[in-house]
Each structure stands twice: as C-alpha cells, then as structure tokens.
Amino acid sequence: MLGAMSDDVLIFDRHAVRLHRDRAARHGITSVAGVLDELAGRLLDRLDDVTRPFSHALDIGGRGRIAPLLRARGIHTVSCDLSPSMASLSGTPCVAADEEWLPFAPASFDLIVASMSLHWINDLPGALVQIRQALKPDGLFLASMPVLGTLDTLREALSRSEDSLTGGASPRVAPFATLQDGAALLQRAGFALPVADQDEVTLLYKTPMALLRDLRAAGETNAVRLRDRSIPPPSLFPLALSHLTQEGQPHMQARLRLAMLTGWAPADSQPKPARRGSGQISLADILGTPPIEPG
C-alpha cells in the first residue's frame, strides 16, 4: 500500500504545477502547439516499430496533443491530467487525476503514453509502479521526459546573474534526472525489456524573452518547492537574458535533451534470458581463440 511522502522528499510544489497548467490551458497552449506536436510525433513514432495492435490507451499529461493522434490510429484513449482544464483539451473521455495517485484499476490499458509529463512528479518510482500495474500483461509504456542538459544555458545564466546581484542563487529551473536514471527507474518499477535512449531538440528564438513566454505558455514555469517567492531584483532577468544572446547571432538556441523511455508490463509470453550455463556453443569457438582454462 502506498503511503504519504515526507516533506524532505517533496521537491516540487504540486499545487503550483496544477495552477501553471490551468493557466496554460486557458491562455497559452496553442502558441506552443508546434513544439508540442513535434515532441508528441517523435514519441509516437516508436509505435510504428511495434507489430502488435493496441486497443485501449491512457494518455498522461499530453496537453491535448497525444490523445487525438492515438485516436487517429483507432485506439480508444482516456486522457488524464493534474489540471482539469488541461485534461479537457484532449476531448472525452478525460479525467482530472494526480499522476502520483492514478485512479485506474489494474490491467486497464494495453498502452500508456506520457509525453513530457513526468518531470514534475515527486515520487516518480511510485508513479511508474502504478503505471505498470495499470497495464495489461505485455502492455507497452512509452514516455518522454527532459533530462540533464535541458535548458542548461538558461539555468547557468540565471544562477550566475542572481549570484552577482545578491550573493546567492535560488533554484529557478527545475532539476532534471539523467538518461541513466530513466533506465534504472523503469527496471526498479518492474518493467520488462526497459529501454532508455536519448533524443535532442534545438529550438531557435529571436529573443530570450520569447523562450520565457513559451515556457509559461506550456505550463513549464518554476514549481520547485524551495523557489524564492519574493519579487526578484528588477535587473535579474534583463542581466540573465543578456548572457543568452551571442553577439552577431540573429537568434538564440534553447536545447531540450530528452529521455525516450520504453518498457513492457511483464508477461509469460515475453522472451526470457537463457539459464546460466545452458549454452551449447563455446564463445572461444566462435572467436577462434583457445579456451581459457579454469584457474
């Protein structure tokens, strides 16, 4: 049975995450539709490499971009989001639900997709366990999430500028996991055949302020619990953004480094590794080298 998390492991303010996504759903999500569609397409392209059909899918936090693509493939799709307003963008059926406490019965879906929606979760291992339990045996989980290296220039510029102005720095860009963390978390959650590979998207902006507007429009503004909630120095953002513009360049770059995660709910029909010592062919014979004697 899952229990409540103590405050010392709560990295993100989930109430703030919901408010940011509510605001984005009401006012800004269409302005970043092109970027979200690109990210959704890159993730769902992996379905083209799978030969088995899917009939019932769960879209977790797809911001109205994933569910229509799955339904276009003939897959009955339920969408859920922490924000009721954001969930409704995916059409019906949709559910307002906390990703840390999924309200779905075991073995409800044969496909679950989480496009750029896992990185604001405090108990990610627990959420992945619930996702695996909601899958039918041999069901597929697909996810993308930003990892270390994403928005690194923005993080560095803000930290350096705030330190020069105040003598310290508050976390203003969310901490990200590494690609290796993604693979380990899938294995820890009990997924079979876990795979984590890296993809990268580079966005070009005419001005650094346009990047900040897009982050706000996508519901990706700062929701770290230990963020500084006071009004920042008036010169902080102008100074930080000035570091992002390279002299002589007509635009600035923002890098999204993504972990693309794939895992399967365990099933008896899946291939299993051979029992240790059951091999009938010597590796030395294959390589044409003398066998190594024990000792």
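In this text the structure is predicted, and so the values were computed from the model without any measurement. Computed over heavy atoms, backbone and side chain alike; hydrogens, waters and symmetry mates excluded. For the single chain, residues carry numbers from 1 onward in sequence order.
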D59 versus T77, side-chain donor and acceptor atoms under 3.5 Å: no
Validation row: L70, F54 side chains within 4.5 angstrom (heavy atoms): no
Student check: side-chain heavy atoms of L211 and L154 closer than 4.5 Å: yes
Geometric class of the F191/F141 ring pair [parallel <30°, tilted 30-60°, perpendicular >60°]: parallel
Heavy-atom side-chain proximity of L186 to T262 below 4.5 angstrom: no
Closest approach of P103 to A97 (non-hydrogen atoms, all atoms of both residues): CD-CB, 3.6 Å
Check: T178 and V147 side chains under 4.5 Å, non-hydrogen atoms: no
Salt-bridge present (R14, E99; N to O < 4.0 Å): yes
Salt-bridge contact R65-D37 (side-chain N to carboxylate O under 4.0 Å): yes
Contact check, side chains of D13 and V224, non-hydrogen atoms, under 4.5 Å: no
Side-chain H-bond candidate by donor/acceptor type, S31 with R213, under 3.5 Å: no
Qualifying residue, where the test is side-chain contact (heavy atoms from CB on, under 4.5 Å) with I75 and the options are L69, L111, V113: L111
Residues in salt bridge (Lys or Arg N to Asp or Glu O under 4.0 Å) contact with R46, at least two apart in sequence or another chain: D197
Test side chain to side chain donor-acceptor pair (under 3.5 Å) applied to R255 - qualifying residues, sequence neighbours left out: D152
Salt bridge E220-R63, side-chain N to carboxylate O under 4.0 Å: yes
R52/D138 under salt bridge (charged side-chain N to carboxylate O under 4.0 Å, His left out): CA gap, chis, key distance, verdict: CA-CA 10 Å; R52 60 155 295 180; D138 204 32; 3.8 Å; yes
Side-chain heavy atoms of D110 within contact of S55, under 4.5 Å: yes
